Amino acid sequence: MEIKTRFAPSPTGYLHIGSARTALYSWLYSRHNKGKFILRIEDTDSERSTLNSISSIIDSMKWLGLNWDEGPYYQSQRTNRYCEVINDMLKAGTAYKCYCSKERLDILRNIQINKREKPRYDGFCRNKIYSNNIDKPYVVRFNNPQNGTVAFYDQIRGLIEFSNQELDDLIICRTDGSPTYNFCVVIDDWDMGITHVIRGEEHINNTPRQINILKAIGAKIPTYAHLSVILDSDGKKLSKRCNAIDVMQYRDDGYLSEAFLNYLVRLGWSHGNQEIFSLSEMIALFNFNTVSKSASKLNIKKLKWLNQYYINNLPLNYIEQELQRHTRKQKININNGPNLSKLITLVRKRSQTLLEIAISYKYFYEEFDIFNIEVAKKYLRPNIRSPLELIRNKLAVIEDNQWIIENIRNVIQDTVDNLNFSMNILGIALRVALTGQCKSLSLDIIIETIGRKRSIARINQALKFIDKL
Ligand code: GLU
């Protein structure tokens, strides 16, 4: 049997990190089993579904490399099919028209609540034979079995069982003729030949209803796996305000998709103590035996650690290519300075994100005329004037073919020795002069990479600043 899984987002917002993990597990399961993976957009809620969300979800899937073999299918384009099955079910008696008024249902509900019973439809219209020409609005309800249980084996949670008496006669078609969510999912899973449904735990309660409908229409029941929720680092529900939950935000913050996927896969799945997984290893090793039943917590430190690992271990030209987005966004003109791959080689060990590389090394490519004023006032003091001047003069006379790190290092060391000045104080001042900040690579590397002209101009700029104090 060919394994077929699907990812079925409702496009009511961007791709949430939790849904991205669902998509990944579903994708991995199909790839591991050499099956098919389907993308289905569940856009039946026309008020909440937006085109922007659809494109953001698709962009995120593409960024992560979660390619699909079929789709995207759109539920909004399948209404005729849903109506066709509803008619078949009405004929077969597995569904029925319900003419109960809102008033009747409200009264029923209140009585049940007062008796502390769970509100549910009482089956008033279930066995009624109505003539076909009643001119009153109606819904179509599924004729749910009245007795017995519905059970399924969840790949993560084991056996889950519901009593049919807990389940309502679900409305499958509204008075305006539109099919309802749970019904569309069932027909899609059936038509698309889905063998494994992998989704969030919030759908566990839908599963017995969906299984009953599948049975009623004679469809094969897929195997289910319901993934636990992802919480923030304090164990609280993720919220838009406090957490980065939009997948694209991670890309914009400078994470590599390799690191993000590795991080996602470990949010709830393990393989011994292994932390680093290439995509092909994930595909080879993924299964549900070690997917956790408990909630997972976000851990940004771990994501940063993985990102740093991939920044340093993926080929240089790939990192250079991925960095382009960030250099563009930061409006850095990389033609105006050192060779980018040389720079990446120098800085990647210290960097946790691509954005960090782009921002903190901007000074290699761009002049800055305003220092961080707090930092400048603190470190560019009058006592630093003559050492800075001396270094500038010595740099000016290094022959072009002698412009190497070692000679530059000697210039700094000689100045410290000659003037009997503190290396620490000079070091920070020189950093502020050359980069505008006090944390950076080692000075000799900065000067060598920035080049003579820029280094001298920046030292002059710092001298002017000191003179104005
Ligand atoms: N559309 C549902 C959601 O976005 C998923 C439904 C399913 O996977 O069955 O949560």
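Every number for a ligand or one of its atoms is a count from 1 in the order of the listing. Model, not experiment: these values are computed from the prediction.
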- Query: Should the ring pair Y255 and Y250 be called parallel, tilted or perpendicular, given that the plane angle runs from 0 to 90° and is split at 30 and 60?
  - Reply: tilted
- Counting only non-hydrogen atoms and a 4.0 Å cut-off, the residues near ligand 1 are R6, A8, P9, S10, E42, Y181, V185, R199, H203
- Note on the structure: Of R6, R78, K4, the one forming a salt bridge (Lys or Arg N to Asp or Glu O under 4.0 Å) with D188 is R78
- Would you say the side chains of S30 and H196 form a donor-acceptor pair under 3.5 Å? no
- Message: Less than 4.0 angstrom from a charged side-chain N to a carboxylate O is my criterion; do K36 and E2 meet it?
- Response: yes
- Item | Carboxylate-amine/guanidinium proximity below 4.0 Å for D169 and R126 | yes
- Message: Test ring pair (Phe, Tyr, Trp, His ring centres under 6.0 Å) on Y25 and W269; report intermediate values, then the result.
- Response: CA-CA 9 Å; Y25 284 13; W269 172 78; 7.6 Å; no
